[in-house]
Structure formats: structure tokens, C-alpha cells
2 protein chains.
Amino acid sequence: MSVTAPLGFEAAGVAAGIKKSGARDLALVVNRGPSRAAAAVFTSNRAQANPILWSKQVIADGEVDAVVLNSGGANCFTGQQGFQVTHRTAEAVAAALGISAGDVLVCSTGLIGDQLDGVVLEAGVALAARELSDQGGTDAARAIMTTDTVEKTAIFRGDGWAIGGMAKGAGMLAPGLATMLVVLTTDAVLGSGQLDVALREATRVSFDRLDSDGCMSTNDQVSLLSSGASGVVPDPEAFRLALVEVCTSLALQLQTDAEGSSHDISIEVLGAVTEDDAVEVGRAVARSNLFKAAVFGNDPNWGRVLAAIGTTKAPFDPYDVDVSMNGIRVCSQGQPDQPRELVDLTPRAVSVVVDLKQGGASATILTNDLTHDYVHENSAYAS
Amino acid sequence: MSVTAPLGFEAAGVAAGIKKSGARDLALVVNRGPSRAAAAVFTSNRAQANPILWSKQVIADGEVDAVVLNSGGANCFTGQQGFQVTHRTAEAVAAALGISAGDVLVCSTGLIGDQLDGVVLEAGVALAARELSDQGGTDAARAIMTTDTVEKTAIFRGDGWAIGGMAKGAGMLAPGLATMLVVLTTDAVLGSGQLDVALREATRVSFDRLDSDGCMSTNDQVSLLSSGASGVVPDPEAFRLALVEVCTSLALQLQTDAEGSSHDISIEVLGAVTEDDAVEVGRAVARSNLFKAAVFGNDPNWGRVLAAIGTTKAPFDPYDVDVSMNGIRVCSQGQPDQPRELVDLTPRAVSVVVDLKQGGASATILTNDLTHDYVHENSAYAS
């Protein structure tokens, strides 16, 4: 169901012919109202794809009628011609639905630096518009997959209202202010300002804490659309928590399907002075290729964790820091503690806990190991 | 010859029994004078190994009599016990040579978080002291190897003076202010202040431009010792250039022997506003796992170059940036230019040229590709 779980939404996912494989590659999500309130966050990469440039204009007034998403091409570094294809795609959606192109968010994902074919996209939009259905959420989630092996969806049912969501993302997975392609829908009655606050808070503690391969995308976009069709004004705190839950569920699904990964690694940083420090430390560990390769080999090489921490600006004392891996404290006060042989890293889930002992702030960063399959998949992607 | 090429130096490399394999694992370099002037630079990683803490004290007065180096253990995150082993090693050198422990630099490399055996080190120092020779440079260079497959040495012969050097380093190879273990020697007559200026300038444009795997070491140390035994005061500019040449030679040897690598990648950034901007951009590209995996697969995926540039703070216009790979301009003004199929990435040497078109500054960063062998070597290291 994903994005069509809440009332007031229709979706479709079709094979438009963008992908040579013939797989579904174009999704359309439509908000039938009565509300059209929306919010969106975008990649902080300064190299931004054409659909990002377009969608930033669309979201400015806080109203969105539809989101069109394609896989099979990122439409990034494709110049003016690429921007015109994005514009043309939005116009095709507008024509098919009788709405304004200025209320259509556009998302693209795939190879950077290849032009998309506007004619193919227009035909795909027309097809998707004909197949729109309040049961179309799963098809839409499938149509945005690239190297993803499964569709990612999440649903939260509140007191008379619901949130639905879909996501794609398996590589170039280190979101900054947003992540990959995510569409969230709700039938709760909320204004665009409320949606914006809730979305930024939820992405900050979910997608922004995921750093699978250290590579920030040019196309990350997360949007949240409200139809208001339930007629229910939710308790703000309940809605906030529900949105965090949906986003966290999607982030965990992204992590566990990350390209070539064999471990899901959670790096919990405790005792930081500030939350920003905790995030910086966790992210530094998550970006250590040496640490990630060691986890792939089921090797609890905690020295590589500490070497990564030393590259940050976060306050810590190398002579008073603790590290545990899967429950075994291998480093205490900056020295060897329990034998590393006691750590069992064969399960897919790996927990690393770093205690900086400097303050009361904490954060958890999610990442993956560095595997032969990651190298293989990303050395053969474009060919 | 390496460090024993200049007059006034003796060296040895022996098997002390630190490595289980029985390979050489302890090197000693001794300056017989008449000068004892020296300079050194160290890792900027805030997690610093015990030999770094020790050597920073030693170099403070600008005088050094000897450098002792061991492979087989980094002596990092080993606490007070580890520091005592470093101290004990320096004392052993002092006793064997009749000098002060406070004039002995100590360098260690190997696994982080394991204690070294002080008794084994003491015996190794005694053995090395007996084998000191003005022909011992090559043995010393071999004794500091870890995952290196060949020893790295360089010699420059000036007008009546010489510079010699040795280096080790194959992984955790992203120096910050220094790199790995390097000992440089000269018989030119220079004071410690002059040596310090020349060393910082040379490392800034050589080792500091090497970023093989993005992981900064806890043990990086580069020292430069002058015996003054030639009696020749060199032309300062000639000495500066010679030192840059020796350091660059060693940096290139480190690059081409980097763990598991199949390509040596040079990322030349042109048209930057400042040299710092150029370095930041080159380093961002050098740290993109996606780009590095693509090069491994001989795939000229220039979109991943631009996606990495977008994560930096350097001024650039995504719509006016050029990228060439091995002489083929694949991206012009932020759009596809020559077909990527024209780029031949099968040679080991790969040249990436990025023109930011914003100013007159430039820099070249050296890196390697991300390969199956890198993952294999670093997943099996500790086991």
C-alpha cells in the first residue's frame, strides 16, 4: 500500500521504457485532497540534479498536487536540455490530471550525466495517469527501484489518520538533510508549515543518521503530502513521533538493502558534549573503509574505530574512551579490555558503542560493511 | 642504500621476533654527526600512538642521534603500559650507543590496540646496534614493511651533499601533516630550523597530497636528520627542491604499492580560487568509494567525480565545470561532452583533470582505486 494507505491518495507504477530491462521505471503519486499542503527537503550536495532545481521551486508555496518519479536516469549534469526534460515531465503530469505543472514535484534517480528522453517520459506519464488507483502504492514503490532488491514501504495508523511512505536507495547513500527518493503521505489535517517542521525533525534523526557508503547523492528528495481526507487534526506530538517511526522504518530498510552489504552496523556514540559531536564521531567511524572492511571479515578491529574518532573535532580523551562491539567491551579507558576473540560478528546486525565520557549527548549512525559485492556492483554499474 | 646514502649515517634492519612470520621488524638509523640537527612532523590525528607522544618530546630541542622503528605493532591505544614500552625502547638504544634516550625518535607501525613486548624490543635493539653499518639502509627499509610488498627508498645527490630516505605505508594511508613512517637523512650542513622549514614545505606538497584510502593513521611520522658530514652548506633553494623530489618519489612509491590497488589515480584540480580549495576538491574525489570502485572496473563514471565535488565548500559552478579522464573531456560546462566509451582506463595510471574555472590555483591529489583485493586484505588483517 505504502503511499496509498492514507485516504485521498492514488498512485501508479509503470514500465515507461526508460530502463532497458523493461522493468517498472516511472511512478506517479497524486493527492486528491481536499488539502494540498506539502513539505519537502532536498540533498545538501551543491551539485544538484535538474529535478531538485525544479522541485525546490514547486515546494516554495507549500502546495503540491502530485509527485512524479523516474528511475533509469538521474537527470543530473545534463544542462539546460536536462532541465527542459524535467519541466516537460511536470507539464505532462499537469495535462493528464488537469492541474498546474507548478504543483508537480519531480524526482529522478539513476546514472548521472546521461540525458533522459522526454518523449519516453511523456508517454510513461500518460500511461501512469491511466493506471492511477488507491491500491497503486506498491507498484509505485517498485517503479522507483534502481539497485534496490526490494521495494521499501512503511505505514503508521494513528487515531483516525495514517501515514504512508515509500523509499528507494541502495548506493550513493549518505543523505545530507534528506535522502534518496522518499514520498510520504498522510490524510491527517495539517498545514504546510506544520508538515515542514515535522518533516525536518523526522529526517534529521532518521535518514540523516544513515551513512552507508559516505557518498552524498545529487538527487536526494523527501516529500510529505497531506490530503486532509481523514478530517482529523492529529495530536502534534503523536504525529511527530509517528513520522519519526515511519522515516526510521524506511531508513532501516534502506540500510539492510544497501549495495553488496553483509552487515548492518549501528554506531551508538554516548557521552558526547553535543549531539553534533556524537553525529560527527559516528559518521567518521561509518566512513572508515578499514573499519568497514574489517567488519566484513568478522574482525572486531576496534583500533580502526578509535583511529577514525581521532580525525574528528569532537572533544574526547584518547586515554578515557570505551568501545564495545556486540556487547563485549574490547577497549576501556583507551586500552585493550576484553579479548577481541570474544566478539562474535557473524550475525548481520553489528552494534558498536563508543562512550566518549565527555557529556550527556548521544546519537546513533547506521552504516554497512565494505564488501567484495559492493566493489563489484559499483565497478560494473554503468556498463 | 636509502638513509645511509649520505655521509655520517649508519643503519640496520633485523628480525627481533615481533612479527610471528620471523621477517625483519626492527630498524635503527644512527646519525654519527658531526651535526645532530633534526626536524620531524607528525600525524594530525588526535588519536596518537605512544611513539608519537614520545617523539614530539624528543624533537623539541631540534637534536636527534638515532631513530628506532618497529613493525609488527603500532603501540597505540595501549595506555601507560604502552608508553613505558616506547620509553624502554629508547633507553635500550641509548644504552647501546652511549647517547641520551631523549635524543632517540621512536616509530611504530602495525595493529592498533595490541601491547608490544618490551623484552623482545630490547633484545632487538641490542641486535640492531651490533649490525649497524653505513651499508645498512636497505635492510632498515625492509624492516619497517607491514603490508608493503616492496621497500621504498630514494636518494638525491646534490653538489657535494646528498639526501637519502626510506618509507613504509600501504594502508591507513591518508596522511595529515605527515605520513606513515619516513626517515630522511642528509649530510648537508643545515640547522634544525632550516630543516624544519624545508621538511614542512616538502611534506605539504608530497605526502599530504596522497590519499589512498581516506583513513588517517595514528602513527604517521616523518623525520629529517642532518649529519653535516659533507661539510657543504647547500644552496637553500636547491636543497628545498631536492627534498621535495625525494619526498615526492617516496609518495609515489607508497601510492603504487597501496593495499590491493590496481590503479594509481592522479586527480588534478585546476582553476580553483585557492590551493586549499583545490586540495579539498581533489581529496573529496579521492574519498569517493563509488568513483574509486568505478575506476577499478575501468568505468569512466565522471558523474561520481562531480557528485563528490558538490560535497565540498570550494567555489564552483555546476553548470561550468569540465572533467577529463585520461585525456578525453567527458564533461564540458557541466554537461556530457565526449562519449565515455572513448576513455581507456585499462592502464594502471589514471589521470583525472577537473577544471573549476574559478581562479588560478591548482593541486594534484594522488589516490588509488577501491578493489576486491583492498577489501580482502583489510578484512583479514588482524586474523
Side-chain angles (χ1 to χ4, degrees), chain A residues 45-48 74 76-79 81-82 111-115 171-172 176 213-218 287-290 293-299 301-304 306-312 316 318-319 330-331 333-336 340 370-372 374-383, chain B residues 45-48 74 76-79 81-82 111-115 171-172 176 213-218 287-290 293-299 301-304 306-312 316 318-319 330-331 333-336 340 370-372 374-383:
Chain A
N45 195 313
R46 292 166 58 223
Q48 305 200 327
C76 182
F77 289 110
T78 46
Q81 181 184 338
L111 189 64
I112 297 171
D114 269 0
Q115 295 289 358
M172 208 171 266
D213 65 0
C215 295
M216 189 194 296
S217 165
T218 51
R287 292 190 172 184
S288 166
N289 280 351
L290 291 175
V295 173
F296 168 58
N298 297 333
D299 169 18
N301 195 319
W302 57 268
R304 294 176 179 177
L306 293 176
I309 296 173
T311 66
T312 71
F316 85 107
Y319 288 88
V330 282
C331 173
Q333 297 186 302
Q335 300 178 54
R340 63 181 80 209
L370 178 60
T371 68
H372 289 302
Y374 177 89
V375 173
H376 176 72
E377 195 160 338
N378 285 296
S379 59
Y381 181 86
S383 52
Chain B
N45 194 313
R46 292 166 58 223
Q48 305 199 328
C76 182
F77 288 110
T78 46
Q81 181 183 336
L111 188 65
I112 297 171
D114 268 1
Q115 295 288 357
M172 208 172 266
D213 66 359
C215 295
M216 189 194 296
S217 165
T218 51
R287 292 190 172 184
S288 166
N289 280 351
L290 291 174
V295 173
F296 168 58
N298 296 333
D299 169 18
N301 195 320
W302 58 267
R304 294 176 179 177
L306 293 176
I309 296 173
T311 66
T312 71
F316 85 108
Y319 288 88
V330 283
C331 173
Q333 298 186 302
Q335 300 179 54
R340 63 179 81 208
L370 178 60
T371 69
H372 288 303
Y374 177 90
V375 173
H376 176 72
E377 196 160 337
N378 285 297
S379 59
Y381 183 85
S383 53

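Letters A, B, ... mirror the listed sequences (proteins, then strands); counts begin at 1. These figures come from a predicted structure and were not determined experimentally.
- The contact between T371(A) and chain B is made entirely by backbone atoms, counting heavy-atom distances below 4.5 Å.
- Among G303(A), A74(A), A293(A), C76(A), the residue with the largest count of heavy-atom pairs under 4.5 Å with chain B is A293(A).
- Shortest non-hydrogen contact noted between G113(B) and P336(A) is O-CG, 3.1 Å.
- The contact between F77(A) and chain B is made by backbone and side chain atoms together, counting heavy-atom distances below 4.5 Å.
- Listed by chain and residue number, nothing satisfies the side chain to side chain donor-acceptor pair (under 3.5 Å) test with Q335(B) (two or more places apart in sequence, or in another chain).
- For chain B, the option among V330(A), L306(A), L370(A), D114(A) with the highest count of heavy-atom pairs below 4.5 Å is L306(A).
- Put simply, of A308(A), G82(A), A47(A), the one with the most heavy-atom pairs under 4.5 Å next to chain B is A47(A).
- Residue contact with chain A, scored on non-hydrogen atoms closer than 4.5 Å, involves the side chain of T218(B) exclusively.
- To the nearest 0.5 angstrom, L111(B) atom CG is 4.5 Å from R340(A) atom CZ.
- Here the CG atom belonging to N301(B) is positioned 7.0 Å from the CD1 atom belonging to I112(A), to the nearest 0.5 angstrom.
- A heavy-atom distance below 4.5 Å is found between the side chains of D213(A) and L290(B).
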